[in-house]
Amino acid sequence: MDDGRPIFIQIAEKIEDDILSEGLPEESQVPSTNQFASFYQINPATAAKGVNLLVDQGILYKKRGIGMFVASGARERLVDKRKEQFYEQYIVTMIHEAKKLGITVDQLTDMVRRGDESK
């Protein structure tokens with residue numbers, strides 16, 4: 001937790017990553033804000049801000065007196081959200097740069113395939 005982005009965002013993304021990897025299945029309980037605060041040595045209010053961000057997005061929900069849980073359909077919503085972010089951050093940027101360099105769609109497609117084959 002030190003990449004320059006706000007810590008509460010990093011907490012929310014850590015939970016999202018755990019949901020996406022199915023480390024936190026739907027309807028499972030999420031660690032408490034106090035557990036996050038203790039583990040990452042941060043203020044509990046900061047941890048709560050990250051958790052509440054996901055509550056506002058419908059990814060988590062609260063069971064009064066018990067804690068926070070992963071909502072049904074959360075993984076699918078996160079996959080859709082991350083795909084859109086991927087498109088905006090990488091694909092659009094790549095296409096703009098390709099156009100500047102005179103790279104055609106076919107050439108770009110070949111580059112992507114070549115990159116996939118080299119892994």
For residues 32-39, which side-chain donor-acceptor pairs fall under 3.5 Å, sequence neighbours excluded?
unit_1 : atom_1 : unit_2 : atom_2 : d
Ser32  : OG     : Asn34  : N      : 3.4
Ser32  : OG     : Gln35  : N      : 3.0
Ser32  : OG     : Gln35  : OE1    : 3.4
Gln35  : OE1    : Ser32  : N      : 2.6

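- The minimum heavy-atom distance linking Ala71 with Arg77 is given by the pair CB-NH2, 3.7 Å.
- Linking Ile, Leu, Val, Met, Phe, Trp and Tyr residues whenever their side-chain heavy atoms come within less than 4.5 Å places Leu20 and Val55 in a single cluster.
- A donor-acceptor pair is defined here as one N or O able to donate and one able to accept, closer than 3.5 Å; no such pair exists between the side chain of Gln29 and the backbone of Met68.
- Atom OG1 of Thr109 is separated from atom CZ of Arg114 by 12.0 Å, given to the nearest 0.5 angstrom.
- A distance of 6.0 Å separates CD1 in Ile7 from CD1 in Ile42, rounded to the nearest 0.5 Å.
- Ile9 and Ile59 are assigned to two separate hydrophobic clusters, defined by single-linkage of ILVMFWY side chains at heavy-atom distances under 4.5 Å.
- Smallest separation of non-hydrogen atoms from Ile11 and Ala47: CG2-O, 4.2 Å.
- Every residue was checked against the side-chain contact (heavy atoms from CB on, under 4.5 Å) condition with Gln41, not counting sequence neighbours, and none meets it.
- Taken from CG in Asp80 to NZ in Lys83, the straight-line distance is 6.5 Å, to the nearest 0.5 Å.
- A distance-only check finds a donor-acceptor pair linking the side chain of Asn52 to the backbone of Ala48 [under 3.5 Å].
- Within the model, atoms CD of Glu13 and CG of Leu54 stand 9.5 Å from one another, a figure rounded to the nearest 0.5 Å.
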Q: Determine, stepwise, if the pair Glu16 / Arg82 fulfils side-chain contact (heavy atoms from CB on, under 4.5 Å).
A: CA-CA 10 Å; Glu16 286 180 352; Arg82 293 277 182 100; 3.0 Å; yes
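- Taking CG of Leu108 as the start and NZ of Lys99 as the end, the distance is 11.0 Å to the nearest 0.5 Å.
- In this structure, Leu24 and Ser28 approach most closely via the heavy-atom pair C-OG, 3.5 Å.
- In the displayed structure, Glu76 atom CD is contacted under 6.0 Å by at most 12 heavy atoms of other residues, nucleotides or ligands.
- One hydrophobic cluster, built from ILVMFWY side chains closer than 4.5 Å, cannot hold both Val30 and Phe8; they sit in different ones.
- Here the CD atom belonging to Glu88 is positioned 8.5 Å from the OG1 atom belonging to Thr93, to the nearest 0.5 angstrom.
- Under the 4.5 Å side-chain criterion, counting only non-hydrogen atoms from C-beta, Val51 is in contact with Leu60.
- Listed by chain and number, the residues in a salt bridge (Lys or Arg N to Asp or Glu O under 4.0 Å) with Glu22 are Arg75 (sequence neighbours excluded).
- Counting heavy atoms from C-beta on, the side chains of Tyr87 and Val92 come closer than 4.5 Å.
- The shortest side-chain heavy-atom distance between Gln85 and Tyr90 does not fall under the 4.5 Å cut-off.
- The residues Glu84 and Lys81 are annotated as not salt-bridged, no charged nitrogen and carboxylate oxygen being separated by less than 4.0 angstrom.
- The hydrophobic cluster containing Met111 does not contain Val105, counting ILVMFWY residues as joined when their side-chain heavy atoms lie under 4.5 angstrom apart, directly or transitively.
- Residues Met94 and Phe86 fall within the same hydrophobic cluster, defined by Ile, Leu, Val, Met, Phe, Trp and Tyr side chains chained together at heavy-atom separations under 4.5 Å.
- Of all heavy-atom pairs between Lys14 and Tyr40, the closest is CE-OH, 3.6 Å.
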